[in-house]
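Here the structure is laid out as structure tokens; the discussion comes afterwards.
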Amino acid sequence: MFLDQITYFPTVTDSEAARIGLERWCEQPGLTGDDALAARVAALAEHRNGTPLLQGLFANSPYLTRLMIRDIEFAADLLENGPDAMEVRLQERAAALDPLAMDTVALMSALRVLKRHYSLTTAVADITRVWPLERVTGALSELADIAIAAAWRHALGIEARAGRLPLDADGPGDILDGSGLICLGMGKLGAKELNYSSDIDLIVFYDNELPAYAGVEELQKHFVTMTRLVVRLLEERTPDGYVFRTDLRLRPDASATPIAVSVAAAEIYYESLGQNWERAAMIKARPIGCDMKAAEMFLSLIRPFVWRKHLDFAAIEDIHSIKRQIAAHKGGSKIKVEGHNVKLGRGGIREIEFFVQTQQLIWGGRDARLRGKKTAEAMQALVDLGRVKADVAKAMMDAYRFLRTVEHRLQMVNDAQTHSLPETTDGLAKISGFLGIEEVDRFRRELIHQLSTVAHHYRNLFEESAPLSSDVEDAGSLVFTGVESDPETLKTLESLGFEDPEFVATRIRTWHHGRYRATRSERSRQILTEIVPALLTSFGKAPEPDTAFRRFDRFLEGLPAGVQLFSLFQANPPLLEMLADIMGMAPSLARQLGHHPSLFEGVLTHDPSAKLGDRDSLEAELERDLAGARYYEDVLDIARRWINDQRFLVGIQVLQGRVPATRAAECLSDIVDVGIRVLLPRVEAEFALRHGRITGCPLPALAVIAYGKLGAREISAGSDLDLVFLYDAPFDAESDGEKPLPASTYFTRLGQRLLAALTAQTAEGGLFEVDLRLRPSGNKGTMVPSLEGFEKYHREEAWTWERMALTRARVVAASQEMTAKLDTLFADLLTEERDREKLLRDVADMRERIAKEHSSASHWKIKHWRGGLVDLEFMAQYLLLKHCREHPELLTGNTADVFDRVGDAKLLERDLADKLAGTTRLWRAIQWILRLTVDESFDPETAPAALKARLAMSAGVSKFEDLDRIIEKRGAEVRDAFRTLIEEPAAALPPVDANSAE
């Protein structure tokens, strides 16, 4: 009998739990009326070794107590025959399972009963020390292999019988063979070192180029469906329990990829984006329950990713930094006993694993003997090859077995995936007793000894790295000479935050070789050498250092010369951090810089962190810059340079979160206003050199009216300018110049000259995209109408949409007399008596037409999405036109301000008005940032993390996911308001009588 052979027992730490457990053990057979079993159970309880073993189990583990009582007949067999015999019996039961013939419920039940019996068997073998650690973890891993294979056979059978995969579910062979399924067991499962209550880490791939699947549509969908079923088979809790908690997050880019990944996609990922931690994880990857041929081919395919031929010292700091992060997160930086995490804490199991794995990464590329998956085998290989001293290896493995045993006892108590010792002395005493160590102080001393031993040897291998320093002098080795990357330099680059240090090092060597125009001169290379440490430190602080660096590389490649810019960075190091922000977060701004590097020169004369100027100070500054212009072409170039510099500085302030979008919109509107106001008199003066002026017209003779976003002072990065030009002169007036022109021709050509000044490309680039279609009769009308014609048209012919557009009209540049006339005219036109039913009907019809033409399901298309800016603008303009005759104080072009004023006037519920105003400002802020960074191409799946964080900050939330929910909620509120205010009232109106319609 097995009980006769054992000599090791756990201490009874809870006599009451032991007594109750023993009573239940003896009573359980009687509940079933099985007298023979009752006799066996009683005899086992009275056995000289049975009593202390049973009491030790019942006293220390509620979980094992439940298993013993629930499966009492199996438990009796186990105590009589021993773990070896029961393991054979369990293997025979597992081999008899037919997953293809069983239904899902039956298979789930069978696997869960098998799990309970394996758990009981390994626990007794472990506690009585009849099996060494490797045998215990091997048996637990074997159970996982059995369960995973059964689950996959079942899942494949379902898909095959449904005709979704060309596999033979009823043939003589194994359905796994030739299926293209690749299931990799990772971590402890891959190494056959599962702990007692371990999760299992799996990665699922499928061979998408398997010839049999050539005609199978939605192949990915089928493998995802099967993977979900396998997970359910393994981890769903039923009355029979569960088999294994399953984790699929080790797959490539887990946050963005399906749970089953094609081999083609995986190959691309590992070749281009694979990380060092993934290399370390792949050391233990083992095919389980899958198409072994396909799996081995895949592992062969990614072998160069895992096992690099060159000595990979660059991976060390990365792996060690993960350990430091774990220690910091888990509070495991110091050795202690109560509460210490024996896996992740200082001196714990993870340090032993890293001790082995990192050396495998370094040396395994050249020596295949170091590629073993099991910790003990790999450690021995390191000894055999002279990489680790034998006494060090023995000390580390003794500690490993001791700590793994402690880990198992912690998990056996309640079948919990825990690695932390109890926080109290009493709790520690119970774990000590469960280990068979009666004196808790002896356990404490042994634990500290083992943890200290591991920490000592780990520290000797990985000298503790200091926290990353912000000081350039502390950056470490940065050597970019020769033809190959310096290992210490690669390590430094990784410590700075770069994931692809080899690319960075290679590119910088390219710079130093003078292959870019900007680095061809010796002086530029000398300065570049001096600023590279500061540049890399700044880029390393960017949220996505590699992306930022690559954009900077493209920027540098396009520079015509480098000395001036490099000198600028040398004299002003903070500019490098600004550049890193731009390159890392704002591809649109980065492209602007690439096309016009001179934009950065504006930073020399303008502090980008300073408060944004008002219109008067901006105008005075531009006038100063233009004072030295000798020719008209100089005027255009200086104005372009100044305006583009100012726009760039505003963009930086928004990007860095220094100013809200509403303030940035006002400032950008001021910049545009100033540009137009300062250019207009100079355009008129240049035009007058040949054609003179119209007598009696105050200067400036041309009036510029802003509509749309500029009119409302809501302009954002990249916005077009909606402008209308007007003049006020007698019809028969004529200019007095060398080549006189009649008034209408004069002002048309003057308007064309101003349009060219605002839009034409010069050596300094362009300025604006200008749209003149809001003038009377649009493109069919004269380019520059007279004030008289403008007024006549608006009083007699204007459509409702033109009245809506007029709500945002604002005089940007004109003489005082003309400005007064236009302000009065706009107020008169907007406050005139109007048919409110026609207004309502027209607004609803126009919105419907726009929705059909510019529909968008994505709420990131913030303008045209239903619930977006267009809905808000239509509501604001409708409310203003409806009420401004009685409430002229409503007149403003700013959409959010309209809602505020309507709420103040109690024409809309205060709460609703506040919501609409707040949503308008939020939508403007989001649009501003998107226009500034990625324009209309925002995709949450691929957008830089820093950009998503900046968008979240614009809404006052910390997580991008929260912003996503806010947009959905706010959008729904806007849609509801639009229905209530416009759609439903318009639908309730009586139909229009065609005979009475105008």
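Count residues from 1 along the sequence.
Using a 4.0 Å cut-off between charged nitrogen and carboxylate oxygen, Arg693 and Glu738 do not count as a salt-bridge pair. Ion pair Arg885/Glu833 flagged as a salt bridge, since at least one NZ, NE, NH1 or NH2 atom sits closer than 4.0 Å to an Asp/Glu carboxylate oxygen. A salt bridge links Lys969 with Glu973: the closest approach of a Lys/Arg side-chain nitrogen to an acidic carboxylate oxygen falls below 4.0 angstrom.
Here Leu767 contributes atom CG and Ile676 contributes atom CD1; the two are 9.5 Å apart, rounded to the nearest 0.5 Å. Atom OG1 of Thr892 and atom CG of Asp900 lie 9.5 Å apart (nearest 0.5 Å).
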Inset, instruction - Go through Leu622 and Ile671 one step at a time and tell me if the side chain to side chain contact (heavy atoms under 4.5 Å, CB included) criterion holds. - result: CA-CA 10 Å; Leu622 179 54; Ile671 292 167; over 6 Å; no
Legend entry - Stepwise side chain to side chain contact (heavy atoms under 4.5 Å, CB included) test for Val898 and Leu916: CA-CA 10 Å; Val898 171; Leu916 296 177; over 6 Å; no
Inset, instruction - Evaluate the criterion salt bridge (Lys or Arg N to Asp or Glu O under 4.0 Å) for residue pair Glu837 and Lys882; output intermediate values, then yes/no. - result: CA-CA 10 Å; Glu837 288 190 1; Lys882 178 181 178 181; over 6 Å; no
Inset, instruction - Report the C-alpha distance between Arg866 and Glu983 in whole Å, list the side-chain angles of each, state the deciding distance to 0.1 Å, and finish with yes or no for salt bridge (Lys or Arg N to Asp or Glu O under 4.0 Å). - result: CA-CA 13 Å; Arg866 292 313 299 258; Glu983 283 183 357; 3.2 Å; yes
Inset, instruction - Determine, stepwise, if the pair Val974 / Met875 fulfils side chain to side chain contact (heavy atoms under 4.5 Å, CB included). - result: CA-CA 9 Å; Val974 172; Met875 281 190 284; 3.8 Å; yes
Inset, instruction - Would you please test Ile929 and Ser954 for side chain to side chain contact (heavy atoms under 4.5 Å, CB included) and show each step? - result: CA-CA 9 Å; Ile929 296 168; Ser954 71; 3.7 Å; yes
Legend entry - Chi angles and distances behind the salt bridge (Lys or Arg N to Asp or Glu O under 4.0 Å) call for Glu873, Lys863: CA-CA 10 Å; Glu873 289 168 354; Lys863 178 178 180 181; over 6 Å; no
Legend entry - Lys915/Asp911 under salt bridge (Lys or Arg N to Asp or Glu O under 4.0 Å): CA gap, chis, key distance, verdict: CA-CA 6 Å; Lys915 283 184 179 179; Asp911 182 59; 3.7 Å; yes
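Heavy-atom neighbours of Arg749 CZ from other residues, nucleotides or ligands within 6.0 Å: at or below the threshold of 12. Around the CD atom of Glu909, the shell of radius 6.0 Å holds no more than 12 heavy atoms that belong to other residues, nucleotides or ligands. The number of heavy atoms from other shown groups lying within 6.0 Å of CZ (Arg979) is above 12. Environment of CZ in Arg690: sparse, with no more than 12 heavy atoms of neighbouring residues, nucleotides or ligands closer than 6.0 Å. Shown here is Gln816, whose CD atom has no more than 12 heavy atoms of other residues, nucleotides or ligands within 6.0 Å. For CD of Glu788, the number of neighbouring non-hydrogen atoms (other residues, nucleotides, ligands) closer than 6.0 Å is 12 at most. Heavy-atom neighbours of Glu769 CD from other residues, nucleotides or ligands within 6.0 Å: at or below the threshold of 12.
With no hydrogens or angles considered, no side-chain donor-acceptor pair links Asp736 and His691 at under 3.5 Å. Between the side chains of His794 and Arg803, at least one donor N or O sits under 3.5 Å from an acceptor N or O.
Panel note: side chain Arg753, backbone Val683; no donor-acceptor pair is recorded below 3.5 Å. A donor-acceptor pair under 3.5 Å links the side-chain atoms of Arg834 to the main chain of Leu830, judged by distance alone. Using a distance-only test at 3.5 Å, with no hydrogens or angles considered, no donor-acceptor pair links the side chain of Ser786 to the main chain of Tyr727. A distance-only check finds a donor-acceptor pair linking the side chain of Asp634 to the backbone of Tyr631 [under 3.5 Å]. The closest donor-acceptor contact from the side chain of Arg615 to the backbone of Asp673 lies at 3.5 Å or more, if one exists at all. Using a distance-only test at 3.5 Å, with no hydrogens or angles considered, no donor-acceptor pair links the side chain of Ser719 to the main chain of Ile715. Judged by distance alone, the side chain of Glu684 and the main-chain N or O of Leu702 form a donor-acceptor pair under 3.5 Å. Arg795 places no side-chain N or O within donor-acceptor distance of the main-chain N or O of Phe790, the cut-off being under 3.5 Å. The backbone N or O of Val672 sits nowhere less than 3.5 Å from a side-chain atom of Arg677 that would complete a donor-acceptor pair. Proximity of a side-chain donor or acceptor of Arg713 to a complementary backbone N or O of Asn894 within less than 3.5 Å is not detected.
Scanning both residues, Ala703 and Ala814, for their nearest heavy atoms gives CB-CB, 3.7 Å. Taking all atoms of both residues into account, the shortest heavy-atom contact from Ala813 to Leu680 is CB-CD2, 3.8 Å. When every heavy atom of Glu802 is checked against every heavy atom of Glu797, the shortest pair comes out as OE1-O, 4.4 Å. Ile638 and Ala629 make their closest contact through CD1-CB, 3.9 Å (heavy atoms, listed as atom of the first residue, atom of the second, distance). Between Thr920 and Phe899, the closest heavy-atom pair is OG1-CE1, 3.6 Å. Between Val659 and Arg950 the shortest heavy-atom distance is O-NH2, 4.2 Å.
Using a 4.5 Å cut-off on side-chain heavy atoms (C-beta onward), Glu791 and Glu796 make no contact. Between Phe725 and Phe747, the closest side-chain pair of non-hydrogen atoms is not below 4.5 Å. No side-chain heavy atom of Arg847 sits under 4.5 Å from any side-chain heavy atom of Val843. No side-chain heavy atom of Ser669 sits under 4.5 Å from any side-chain heavy atom of Glu666. Proximity of Ile694 to Glu734: side-chain heavy atoms (C-beta onward) are nowhere separated by under 4.5 Å. Using a 4.5 Å heavy-atom cutoff, the side chains of Asp904 and Arg910 are in contact. At a threshold of 4.5 Å between non-hydrogen side-chain atoms, the residues Phe874 and Met804 count as touching.
Between Trp642 and the options Leu626, Val678, Leu618, a side-chain contact (heavy atoms from CB on, under 4.5 Å) holds for only Leu618. With respect to Ser716, the side-chain hydrogen bond (donor to acceptor under 3.5 Å, both in side chains) criterion is satisfied by exactly one of Arg931, Lys709, Arg924: Arg931. Under the side-chain contact (heavy atoms from CB on, under 4.5 Å) test applied with Ile850, the options His854, Glu848, Glu853 reduce to a single match, His854. Among the candidates Thr895, Asp871, Ile967, the single residue satisfying the side-chain contact (heavy atoms from CB on, under 4.5 Å) test with Trp923 is Ile967. When the options Leu723, Ile643, Asp720 are evaluated for a side-chain contact (heavy atoms from CB on, under 4.5 Å) with Phe768, the one that passes is Ile643.
Taking the six-membered ring where the residue is Trp, Tyr746 and Phe687 present perpendicular rings, their angle passing 60° and hence far from 30°. Using bins of under 30°, 30° to 60° and over 60° for the plane-to-plane angle, the ring pair His859/Trp865 lands in the perpendicular bin.
The cationic group of Arg775 does not satisfy the cation-pi geometry with Tyr793, failing either the under 6.0 Å distance to the six-membered ring centre or the 45° limit from the ring axis.
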